[in-house]
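Note that the structure is a prediction, hence the values are computed from the model and not measured. Sequence lines set the chain letters: A, B, ... in the order given, protein chains first and strands last, and positions in each chain run from 1.
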Amino acid sequence: MLAIVLDLASAAFASADGDGGATPWLLVLGPAGAGGVYFGLWRYYRNTHTSHSFERETRIVAQPVTGHDAKVKEITGTKKTRIDGDNRTNHRQRVQRIE
Amino acid sequence: MTTLPPPGDGEQPPAVDTRDDPTGRPTVPITGQPGADPVIDTRNERLDDGVNRCPRCGATEIQLRPSAGMLICLFCRHEWSEARLDESIANGDLAALRGTTIGSGATDIDTGIDTMITMKCAGCGAEVVVNTDEQMGSRCHWCRHVLTINEQVPNGAVPDAVLPFKITHDDAMARIREFAGKRRMFADRAFVRDFKAENVVGVYMPYMVVDGNASADVEGHGEIKTRQYTRGSGDNKETFYDADVYEVRRHVDFTADDLTIESSAERAVMDASRDTNNIINTILPFDTENAVKWNASYLTGFTSEKRDRDVDHLQPVLEDQLLSIARSQVASSVDRYDRGVRWERERIDVHGSRWVAMYLPVWLYSYYHEQGGKGMVHYIAVNGRTGEVMGSVPVSHRRLLLGALAVGTVIEGFVIAILAAS
């Protein structure tokens with residue numbers, strides 16, 4: 001964790017230096033690092049985020065996936081790097097059920 | 001109080017599954033094919049009289065030897081095992097599974113059935129009371145025979161199968177000691193002081209092991225980046241994207257073998273703010289294909305928790321897990337959507353499911369910790385078959401804060417040094 005934060009600091013400094021001067025926002029790295037260490041250690045001890053990965057650890061036999069894709073529109077000039085509500089990998093997030 | 005008939009009087013107790021089957025149909029082994037009977041008979045009829053005798057010498061002093069996974073007679077040292085459940089249930093092709101089939105040990109719990117069961121001792125005829133909330137056997141106080149609950153009384157106490165412990169107590173202690181040892185520095189001081197790995201107990205936890213045959217449909221939108229460009233200059237430089245938006249639909253047919261679902265209402269609640277049940281859930285899966293037919297002697301020396309949820313209660317959990325599996329299965333088919341996919345609607349059709357109630361072995365270390373007037377039981381659990389360990393160790397917030405501040409100070413010092421040098 002410490003190494004990551006220090007690498008980040010070095011990279012940020014290099015970037016800031018390249019722009020022609022040191023940036024005061026680098027000073028937030030200390031508190032941010034402390035917060036990250038606190039949270040990381042707390043999770044390591046308490047393991048509140050863990051559960052059985054039944055999606056991967058159960059014997060599943062699936063037929064080939066079928067489907068349909070149709071282009072519906074184009075987006076231009078968005079600043080968003082991802083689609084809104086991307087849940088491709090969040091398999092446990094339930095969405096509207098079709099009965 | 002429920003009274004079982006005396007053993008050896010020529011009258012077998014009524015078959016629980018038949019009695020409770022609303023259709024009144026007789027119980028026959030299930031094949032998993034269309035038109036099959038909805039109840040799988042998993043009774044261990046050899047033990048219905050409540051006396052589990054050594055096949056070689058007839059003694060009733062029997063217990064599990066975890067290192068071998070076998071029952072052992074404490075008199076003549078003869079070892080044997082009950083038949084695997086898989087061998088007594090014709091599994092068939094899961095893709096042909098239709099309707100809901102249930103093991104006779106997984107039928108609905110009859111709330112009218114008392115947890116106190118009176119058995120007549122086969123040795124002397126005395127009446128022995130067993131509280132199935134706490135134990136599954138008792139010793140006759142007159143002739144010292146050991147009596148065990150082997151009949152599938154519909155109170156959730158006797159499942160279809162049991163997966164015997166394989167990890168020994170010493171092994172479990174070593175694993176828990178290692179797990180806690182790695183988390184000593186920032187652990188709550190009272191936990192460190194009170195920690196005794198010897199206090200780990202072997203518990204058979206109740207689960208429903210479910211096979212499912214299902215189809216799923218998911219619908220949503222996905223985006224593919226077509227262009228990326230920047231506008232502005234200097235500090236006002238911004239990145240913009242163009243993308244094509246697609247409507248995406250996927251369908252998958254699949255079978256799931258041995259999904260394992262908590263059948264105790266208390267254990268099924270996983271709210272990290274008030275319990276650590278997720279710890280016990282994390283040590284799944286078990287090698288449930290090696291589960292054997294029920295024999296209460298496997299529980300000798302261990303404790304057990306009773307099932308208190310029926311198949312109807314757990315259907316939504318099954319559907320939820322099948323939907324998650326379906327979403328996982330279709331994930332690779334939408335890799336081309338490099339800006340992600342937003343699934344918006346989903347459907348699951350469960351064509352068939354097969355439910356078997358099972359006791360699974362868990363070594364459990366529990367520690368009650370109170371902080372700020374709020375108490376919580378922290379578990380460290382070891383899978384009694386695979387040895388997988390997971391746990392929750394209460395933290396000392398003061399130590400954690402000091403550690404975090406120390407690291408933060410080092411980083412800040414480094415940053416200040418760089419800024420000063422520049």
Q: With side-chain contact (heavy atoms from CB on, under 4.5 Å) as the test, would you mind laying out the steps for Arg227(B) and Thr76(A) before giving the verdict?
A: CA-CA 9 Å; Arg227(B) 193 170 158 235; Thr76(A) 52; over 6 Å; no
Q: Start with the C-alpha distance between Tyr45(A) and Met185(B), add both sets of side-chain angles, then the distance that settles side-chain contact (heavy atoms from CB on, under 4.5 Å), and finish with yes or no.
A: CA-CA 10 Å; Tyr45(A) 276 64; Met185(B) 184 178 283; 4.1 Å; yes
Q: Might you work through the salt bridge (Lys or Arg N to Asp or Glu O under 4.0 Å) test for Arg59(A) and Glu289(B), ending with a clear yes or no?
A: CA-CA 11 Å; Arg59(A) 287 183 295 273; Glu289(B) 67 276 14; 3.6 Å; yes
Q: Quick one: do Lys71(A) and Asp244(B) satisfy salt bridge (Lys or Arg N to Asp or Glu O under 4.0 Å)? Show the steps, please.
A: CA-CA 7 Å; Lys71(A) 185 174 168 182; Asp244(B) 288 342; 3.4 Å; yes
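Interface residue Glu319(B): only side-chain heavy atoms are found under 4.5 Å from chain A. For Lys182(B), the parts sitting under 4.5 Å from any heavy atom of chain A are the backbone and the side chain alike. Of the two parts of Ala187(B), the backbone and the side chain both hold a non-hydrogen atom closer than 4.5 Å to a non-hydrogen atom of chain A. Of the atoms belonging to Thr239(B), it is backbone heavy atoms, and not side-chain ones, that fall under 4.5 Å from chain A. Neither the backbone nor the side chain of Arg399(B) comes within less than 4.5 Å of any heavy atom of chain A. For Thr81(A), the parts lying near chain B are the backbone and the side chain together; criterion is any non-hydrogen pair under 4.5 Å. Residue Ile283(B): no heavy atom, backbone or side chain, is found under 4.5 Å from chain A. Heavy atoms closer than 4.5 Å to chain A are found in the side chain of Glu219(B), but not in its backbone. Contact of Phe39(A) with chain B is not made at all, since no heavy-atom distance falls under 4.5 Å.
Heavy atoms of other residues, nucleotides or ligands lying less than 6.0 angstrom from CZ of Arg184(B) number 12 at most.
Atom CG in Asp84(A) sits 7.5 Å away from atom CD in Glu223(B) (nearest 0.5 Å). Note: Leu259(B) CG to Thr58(A) OG1 = 4.5 Å, rounded to the nearest 0.5 Å. Separation of atoms CD1 (Ile75(A)) and CD1 (Ile224(B)) is listed at 11.5 Å; rounding is to 0.5 Å. Residue Glu57(A) holds its CD atom at 10.0 Å from OG1 of Thr260(B), rounded to the nearest 0.5 Å.
In summary, Asp320(B) and Arg94(A) engage in a salt bridge, as defined by a charged side-chain N under 4.0 Å from a carboxylate O. The pair Arg250(B)-Asp69(A) meets the salt-bridge criterion, since a charged nitrogen lies less than 4.0 angstrom from a carboxylate oxygen.
Nearest heavy atom pair, residue Ile83(A) against residue His221(B), reads CD1-O, 3.4 Å. Taking all atoms of both residues into account, the shortest heavy-atom contact from Glu344(B) to Val95(A) is O-CB, 3.4 Å. Gly85(A) approaches Arg342(B) most closely through the heavy-atom pair O-CG, 3.4 Å. Nearest heavy-atom pair across Phe240(B) and Lys79(A) is CE2-CG, 3.6 Å. Between Ala272(B) and Arg46(A), the closest heavy-atom pair is O-NH2, 3.7 Å. Looking at every heavy atom in both residues, Ile325(B) comes nearest to Phe54(A) through CG1-CD1, 4.0 Å.
In terms of heavy-atom pairs under 4.5 Å with chain A, the best-connected choice from Gly212(B), Gly403(B), Ala256(B), Gly220(B) is Ala256(B). When the candidates Ala180(B), Ser328(B), Pro394(B) are compared by the number of heavy-atom contacts under 4.5 Å with chain A, Ser328(B) comes out ahead. When the candidates Ile416(B), Thr276(B), Asp335(B) are compared by the number of heavy-atom contacts under 4.5 Å with chain A, Asp335(B) comes out ahead. Considering only heavy-atom pairs separated by less than 4.5 Å from chain A, the leading option among Val395(B), Val218(B), Leu405(B), Thr409(B) is Val395(B). Chain B forms the most heavy-atom pairs under 4.5 Å with one residue out of His49(A), Arg88(A), Gln63(A), and that residue is Arg88(A). The residue among Ile279(B), Asp217(B), Val248(B), Leu323(B) with the most heavy atom pairs within less than 4.5 Å of chain A is Leu323(B). Between chain B and the options Thr48(A), Leu41(A), Thr66(A), Val28(A), heavy-atom pairs under 4.5 Å are most frequent for Thr66(A).
Looking at Arg327(B), its side chain does come within 3.5 Å of a backbone N or O of Asn90(A) through a donor-acceptor pair. Distance alone, capped at 3.5 Å, is enough to place a donor-acceptor pair between the Asn47(A) side chain and the Gly391(B) backbone. For Arg347(B) (side chain) and Ile98(A) (main-chain N/O), no donor-acceptor pair under 3.5 Å exists by modelled atom type. When atom types are taken as modelled, the side chain of Asn278(B) and the backbone of Ser51(A) share no donor-acceptor pair closer than 3.5 angstrom. Proximity of a side-chain donor or acceptor of Asn281(B) to a complementary backbone N or O of His52(A) within less than 3.5 Å is detected. Without hydrogens or angle criteria, Arg82(A) side chain to Asp338(B) main chain gives a donor-acceptor distance under 3.5 Å. The backbone N or O of Gly77(A) lies less than 3.5 Å from a partner atom in the side chain of Asp242(B), making a donor-acceptor pair. Looking only at distances, no side-chain donor or acceptor of Tyr241(B) sits under 3.5 Å from a matching main-chain atom of Lys80(A).
By the side-chain hydrogen bond (donor to acceptor under 3.5 Å, both in side chains) test, Thr226(B) pairs with no residue at all, sequence neighbours left out. Applying the side-chain contact (heavy atoms from CB on, under 4.5 Å) rule to Lys237(B) yields the partners Thr230(B); only residues at least two apart in sequence or on another chain are considered.
A 4.5 Å side-chain heavy-atom check between Lys73(A) and Tyr246(B) finds every atom pair outside the cut-off. Taking 4.5 Å as the limit, some side-chain heavy atom of Thr50(A) sits within range of a side-chain heavy atom of Met390(B). For the pair Leu400(B)/Trp42(A), a side-chain contact is recorded, criterion being any heavy-atom separation below 4.5 Å from C-beta on. Between Leu27(A) and Val415(B), some side-chain heavy-atom pair lies under the 4.5 Å cut-off. Proximity of Leu419(B) to Leu26(A): side-chain heavy atoms (C-beta onward) are separated by under 4.5 Å at one or more points. The side-chain heavy atoms of Asp86(A) and Arg339(B), taken from C-beta on, include no pair separated by under 4.5 Å.
Relative to the six-membered ring of Tyr44(A), Arg183(B) meets both conditions, a distance below 6.0 Å and an angle of at most 45° to the axis.
Ring pair Tyr38(A)/His397(B) is parallel by interplanar angle, where below 30° counts as parallel and above 60° as perpendicular.
At a cut-off of 3.5 Å, with distance as the only test, no side-chain donor of Ser324(B) or Arg92(A) sits close to an acceptor on the other residue.
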